Amino acid sequence: MRKLTCLFALGFLLFNNTLRANEPEKVTSTEEVSETAVKKERIKQVTKDDDYEKFRFGGYGEMVAKFMNYGTNRFYGGVDNSDHRNTIAIPRFVLAFDYKFNSKWILGAEIEFEAGGVGIETELENSENGEYETEMEKGGEVALEQFHITRLIHSAFNVRAGHLIVPMGLTNAHHEPINFFGTSRPEGETTIIPSTWHETGLEFFGSFGKGYARFDYQAMIVAGLNADGFGRDNWVAGGKQGLFEQDNFTSPAYVARLDYKGVPGLRVGAAFYYCNDVTANADKNYKYSSVGRSSVKIYSADAQYKNKYVTARGNIIYGDLENSSKISKVTLSNNSNYYHGAMRNVAKNALCYGLEAGLNLSAFFSQKKCPVIYPYARYEYYNPQEEAEGSATMEKRCQVSKWTAGVNWFALPNLVVKADYTTRHIGTNKVFGSTKYNNENEFAIGIAYVGWFTKR
């Protein structure tokens with residue numbers, strides 16, 4: 001009897017398992033998975049990588065050494081220029097922190113020490129009978145790069161007020177050093193517009209759409225550019241405000257940016273900047289009384305695609321300055337050197353574009369200990385004197401076609417060692433052009449990091 005009972009129990013278990021094995025499994029659809037992922041991603045974006053409870057502190061920094069075959073007379077042409085120089089620098093060291101008052105109110109800030117910060121310098125004044133002079137004029141600066149309070153309302157609409165990053169171009173929107181391959185930031189963007197561009201104002205931002213139709217947006221009202229800083233070599237880049245205790249807000253700027261993020265690994269963005277009258281923001285705007293209203297319009301588009309094998313990025317910026325020839329005729333005193341005696345000859349239009357791609361060698365090897373190394377190449381063209389207004393003459397030497405090739409070794413996911421070789425062709429827009437001006441060649445090595453030191 002006991003044997004029969006055991007056999008019966010065994011048969012029941014086998015029958016029950018057979019039924020379970022034949023039951024249709026509950027399948028989660030791709031749409032459900034995608035929608036869940038999108039919701040999580042939205043929350044993550046709106047709360048700015050929200051992986052801390054109350055407070056986090058960190059930052060980023062860079063160190064670079066360059067070895068160049070050209071000197072200060074860099075645009076000299078016609079004969080071989082054998083002058084050369086080497087430099088070593090800490091371009092920037094940034095401290096950042098975020099603090100949550102509660103789940104809806106967040107404080108964020110970044111303090112940047114650029115080029116070693118400021119300090120006391122002793123120099124021999126040859127123009128003053130050889131006197132020694134001690135001055136607070138070390139080459140760098142300490143700047144409040146970001147300081148803002150965010151009010152989270154909804155994934156599709158949130159508000160931020162304070163000192164904000166102006167998201168024009170690829171570099172300003174993603175300026176941390178692991179977001180570009182070179183030992184230095186892309187030269188085209190940093191030549192014709194400010195970098196890192198930060199102004200005080202108000203921002204509205206959020207995400208909308210789902211699946212393959214997902215977007216992020218930003219809309220801003222910030223302090224506009226100051227015409228006093230415009231010049232030949234850097235177009236409007238010197239017009240970023242922040243030199244004085246208060247910024248001129250007579251003619252604010254309006255900024256809009258839209259990013260498409262519907263495809264995994266792909267980000268495509270476009271931005272527009274408009275300031276109605278940059279002369280109204282001048283320190284002494286009466287000097288521009290004969291110029292009239294002068295607007296600045298800047299258009300930018302950029303993209304990045306990244307997977308385990310390759311990372312590719314591209315960008316283009318085009319700018320238009322109204323009444324550029326009249327602005328160029330306004331003489332500024334160089335006594336104060338606020339704007340470093342910028343040569344006026346401002347162009348009506350400026351242009352830059354670039355493309356870089358890197359290959360992740362470790363993705364092709366199965367060994368887990370294989371180092372993460374990206375050989376890469378970058379091409380960029382830029383010209384702050386792309387087109388004149390009227391009969392003004394543009395400076396051909398401002399036109400640059402540049403190639404860079406190098407390697408990035410990610411010793412850690414947020415720590416990278418970089419090395420690259422660069423060649424610039426002066427006075428041409430051809431990819432492989434040659435002109436009467438000497439080429440500029442340089443080799444550079446650097447190290448950079450990004451990270452949070454503590455989170456609570």
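Since we're looking at a predicted model, the values are computed, not measured.
Closest approach of Phe67 and Asn86 over heavy atoms only: CA-OD1, 3.2 Å. The shortest heavy-atom contact between Val64 and Ala444 is CG1-CB, 4.5 Å. Summarising the geometry of Tyr212 relative to Val263, their closest heavy-atom pair is CD2-CG2, 4.2 Å, with the distance given to 0.1 Å. A pairwise comparison of heavy atoms in Trp235 and Ala347 identifies NE1-O, 3.0 Å as the closest pair.
By the 4.5 Å heavy-atom criterion applied to side chains, Asn315 and Tyr353 are not counted as neighbours. Using a 4.5 Å heavy-atom threshold, the side chains of Tyr381 and Glu386 count as touching. Side-chain contact between Tyr299 and Ile316 is absent, with no heavy-atom pair separated by less than 4.5 Å. Counting heavy atoms from C-beta on, the side chains of Arg344 and Ile327 come closer than 4.5 Å. Residues Ile165 and Gln146 have side chains in contact (heavy-atom distance under 4.5 Å, counting atoms from C-beta outward). Counting heavy atoms from C-beta on, the side chains of Glu199 and Gln241 come closer than 4.5 Å. The shortest distance between side-chain heavy atoms of His84 and Met68 does not fall below 4.5 Å. Taking the side chain as every heavy atom from C-beta outward, Tyr52 and Lys100 approach each other to under 4.5 Å.
Tyr449 OH to Asn414 CG: the interatomic distance, rounded to the nearest 0.5 Å, is 10.0 Å. Interatomic distance, CG of Asn234 versus OH of Tyr382, reported as 9.5 Å (0.5 Å rounding). Here Ile426 contributes atom CD1 and Asn439 contributes atom CG; the two are 7.5 Å apart, rounded to the nearest 0.5 Å. Here the OH-OG distance, from Tyr273 to Ser300, works out to 12.5 Å after rounding to the nearest 0.5 Å.
Annotation: cation-pi geometry satisfied between Arg160 and Phe205 (NZ/CZ under 6.0 angstrom from ring centroid, within 45° of ring axis).
Side-chain atoms of Thr422 and Glu442 form no donor-acceptor pair, as typed in the model, at a separation below 3.5 Å. Defined by atom type and a distance below 3.5 Å, a donor-acceptor pair is present between the side-chain atoms of Arg185 and Thr196.
In this structure, the side-chain contact (heavy atoms from CB on, under 4.5 Å) partners of Val416, at least two apart in sequence or on a different chain, are Ile178, Asn408, Phe410, Lys418, Ala448. Residues passing the side-chain hydrogen bond (donor to acceptor under 3.5 Å, both in side chains) test with Ser328, sequence neighbours excluded: none. Tyr376 pairs by the side-chain hydrogen bond (donor to acceptor under 3.5 Å, both in side chains) definition with Asp420, not counting sequence neighbours.
A salt bridge between Arg267 and Asp216 is absent, with no side-chain N of the basic residue lying under 4.0 Å from a carboxylate O of the acidic one. For the pair Lys402 and Glu380, the salt-bridge criterion is met [side-chain N within less than 4.0 Å of a carboxylate O].
Using a 30° and 60° split on the angle between ring planes, Phe157 and Phe204 fall in the parallel class, below 30°. The aromatic rings of Phe181 and Tyr374 are tilted relative to each other, their planes meeting at an angle between 30° and 60°. In this structure, Trp403 and Phe432 have parallel ring planes: the angle between them is below the 30° cut-off, well short of the 60° mark.
For the pair Glu322 (side chain) and Ser295 (backbone), a donor-acceptor distance under 3.5 Å is present. Checked by atom type and distance alone, the side chain of Tyr217 pairs as donor or acceptor with a backbone atom of Ala156 at under 3.5 Å. In this structure, the side chain of Asp277 engages the main chain of Ser294 through a donor-acceptor pair within 3.5 Å. A donor-acceptor pair is defined here as one N or O able to donate and one able to accept, closer than 3.5 Å; no such pair exists between the side chain of Asn441 and the backbone of Thr423. Looking at His425, its side chain does come within 3.5 Å of a backbone N or O of Gly433 through a donor-acceptor pair. With hydrogens and angles ignored, the 3.5 Å screen pairs no side-chain donor or acceptor of Asp247 with any backbone N or O of Ala223.
When each of Tyr99, Phe453, Trp452, Phe97 is paired with Phe57, the ring-ring contact (aromatic ring centres under 6.0 Å, His included) condition holds for Phe453 and for no other. Tested against His198 for a side-chain hydrogen bond (donor to acceptor under 3.5 Å, both in side chains), the candidates Glu112, His163, Glu145 yield a single pass: His163.
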For this session: Start with the C-alpha distance between Asp320 and Tyr318, add both sets of side-chain angles, then the distance that settles side-chain hydrogen bond (donor to acceptor under 3.5 Å, both in side chains), and finish with yes or no.
Result: CA-CA 7 Å; Asp320 181 85; Tyr318 178 80; 4.9 Å; no
For this session: Starting from the C-alpha separation in whole Å, work towards a yes-or-no answer on side-chain hydrogen bond (donor to acceptor under 3.5 Å, both in side chains) for Ser207 and Lys261.
Result: CA-CA 10 Å; Ser207 303; Lys261 295 184 175 180; over 6 Å; no
Exercise. Could you go step by step and tell me if Gln385 and Asn345 meet the side-chain contact (heavy atoms from CB on, under 4.5 Å) rule?
Worked result: CA-CA 9 Å; Gln385 297 261 291; Asn345 196 22; 3.5 Å; yes
For this session: Start with the C-alpha gap between His175 and Phe180, add the side-chain angles, then the distance that decides, and say whether side-chain contact (heavy atoms from CB on, under 4.5 Å) holds.
Result: CA-CA 8 Å; His175 56 275; Phe180 52 88; 5.9 Å; no
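Atom CZ of Phe364 has more than 12 neighbouring heavy atoms from other residues, nucleotides or ligands inside a 6.0 Å radius. Around atom CD1 of Ile111, no more than 12 heavy atoms belonging to other residues, nucleotides or ligands sit under 6.0 Å away.
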